[in-house]
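These notes are about the structure you will find just below.
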2 protein chains.
Amino acid sequence: MTGTARSPRARYREQTRAEIKEIALRQLAEGGTAAVALTRIAKEVGLSGPALYRYFDSRDALLTDLIRDAYADLAAAVGRAADALVPDTGPRARLQALAAAVRAWAVAEPHRYLLIQGTPVPGYTAPPDTLDSARGVLGPFLPAFADGRPSAAVRPVAAQMTGWAERDAAVAEWVRRHVPAGAEGAALAGAVLAWSHLHGAIGLEVSGQFEGMGHEGATLLAAQIDSLADTFGLA
Amino acid sequence: MTGTARSPRARYREQTRAEIKEIALRQLAEGGTAAVALTRIAKEVGLSGPALYRYFDSRDALLTDLIRDAYADLAAAVGRAADALVPDTGPRARLQALAAAVRAWAVAEPHRYLLIQGTPVPGYTAPPDTLDSARGVLGPFLPAFADGRPSAAVRPVAAQMTGWAERDAAVAEWVRRHVPAGAEGAALAGAVLAWSHLHGAIGLEVSGQFEGMGHEGATLLAAQIDSLADTFGLA
DNA sequence: TCGCAACAGTTAGAGACTGTAACTCTTACG
DNA sequence: CGTAAGAGTTACAGTCTCTAACTGTTGCGA
């Protein structure tokens, strides 16, 4: 690996950065984004205030790093779930497994999920690599739709997605890494729809809007994913 | 109406509160929740700092008020859309119209939508009347599912919803106001699923995650709602 | 081996913000 | 018309981000 162990100084630096992030995550879990305060982190790590600016350009930079980490972590979780599937898993079961993996990650670390999905923090500091990160999460979903036959309801989406893949070479290349040629539109549409379903069901659950009702979460998401599989005629 | 004009003092008070909220909304639109600052509001309204605490107990109280207003506004928009439907509108068309109304409101005022759907602000200060507010938005969706036949995919959700309605009298009463008896489970399931679909598609669009792709938003939501109508066998 | 540049850390402080305390002026109303 | 409630004020304590200017340390090349 690159960057793991260079000079002793660089190693120490990485270690301190990691410690800062760890404390920031704890604060995030305890009080949301607003509770992440550099001064308090500094106190906890035994440094005095401005020293943290040696490690992060600003509070926003720290949060951005946290966001990137969360995306990577989620993508890894999804990837692990995909790898754990037995080879002859049907597309429907694959979909359910991947969706469950996303939800499990989100429920286990709600604050980190909210960090990803909520409005970033200040204005719209959408980092440019957000799209790539989303691709990392969504990639394993693509193959499930390779043999899908989109119903009339979602065919307009598939058409738009085909157009997108034709215009954007990077996207086309990404899709082609997961899916045989010819199925780009359907696969993309399926992935985006899956994303939207995940965002809806998990977002509601994680922001605690399912308090009164006998908590389902898993049931709701499973139902939506099952419907999605129906919509694409998956086996 | 009650509370419109009482004493001259009370009237002035209401006026000032309204002015404060107006400025707060502008700040919200310009820089997100973090940009709403009492001191700057005070400066703009011509008062000096702590005077605002005569009108709002705290910054959070102000934001909570903004959230309540946003919910009420959205519910009103949905209600208006429902009232505008011609009497013999089919359930599928009704669903599409209501969903489009929600999306239109959200796209017109993204910051207010994010205020509603995102993590409130600090921790989880979920106001107790959030559920009622959500009901106000969701109520008009219920009748669309009165004659619905949930598919196997969503039947587990309907079952859970039936159980919920049996346990929670307030919910049961609310549902019964919109839907004939016997259809509670299906109607509730449809409404919650619709909510989740809306949350997913609109949330992604409003947080700007659809940048690269040929912007759809409306297409995606329409497709999801159409699928939902399929799932419930709506005409 | 030594010198110095890059690095890690410090204190001091400016500026924005939330919220409290103590006080004064004004006005509605009994 | 006297007074209590309300609207507003200044002063201030405390938290936070971030900059400036300075000091101590370390590792690396000459």
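Order of the sequence lines fixes the chain letters, A, B, ..., with proteins taken first and strands second; residue numbering starts at 1 for each chain.
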Any idea which heavy atoms bring [X] and [Y] closest together, and the distance?
X	Y	result
Ala223(A)	Val157(B)	CB-CG2, 3.4 Å
Pro143(B)	His178(B)	CG-O, 3.5 Å
Gly217(A)	Glu205(A)	CA-OE1, 3.4 Å

Quick one: is [N] close enough that its OP1 or OP2 comes under 4.0 Å of any side-chain N or O from [X]?
X	N	result
Tyr12(B)	dG8(D)	yes
Thr39(A)	dC16(D)	yes
Arg40(B)	dC17(C)	yes
Ser58(B)	dT18(C)	no
Thr16(A)	dA8(C)	no
Arg59(B)	dT18(C)	yes

In this structure, how many angstroms lie between the [atom2] atom of [N] and the [atom1] atom of [X], rounded?
X	N	atom1	atom2	value
Arg13(A)	dG9(C)	CZ	C1'	13 Å
Arg17(A)	dC7(C)	CZ	P	14 Å
Glu19(B)	dG8(D)	CD	P	11 Å
Leu62(A)	dC18(D)	CG	C1'	14 Å

Checklist entry - Between Arg80(A) and Asp83(A), does at least one N-O distance fall below 4.0 Å, as a salt bridge requires? => result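 Looking at Arg80(A) and Asp83(A), the cut-off is not met.
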
Next on the checklist: Please verify the inter-ring angle class for His197(B) with His197(A); under 30° counts as parallel, over 60° as perpendicular, anything in between as tilted.
Outcome noted: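 Judged by the thresholds at 30° and 60°, the geometry between His197(B) and His197(A) is perpendicular.
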
Item to check | For DNA chain D, the residues among residues 46-54 of chain B that have a non-hydrogen atom under 4.0 Å from it | outcome: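 Per residue number, the list reads Leu47(B), Ser48(B), Pro50(B), Ala51(B), Arg54(B).
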
Checklist entry - Does a donor on one side chain and an acceptor on the other come within less than 3.5 Å for Gln117(B) and Ser207(A)? => result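 The answer is no; no qualifying pair exists.
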
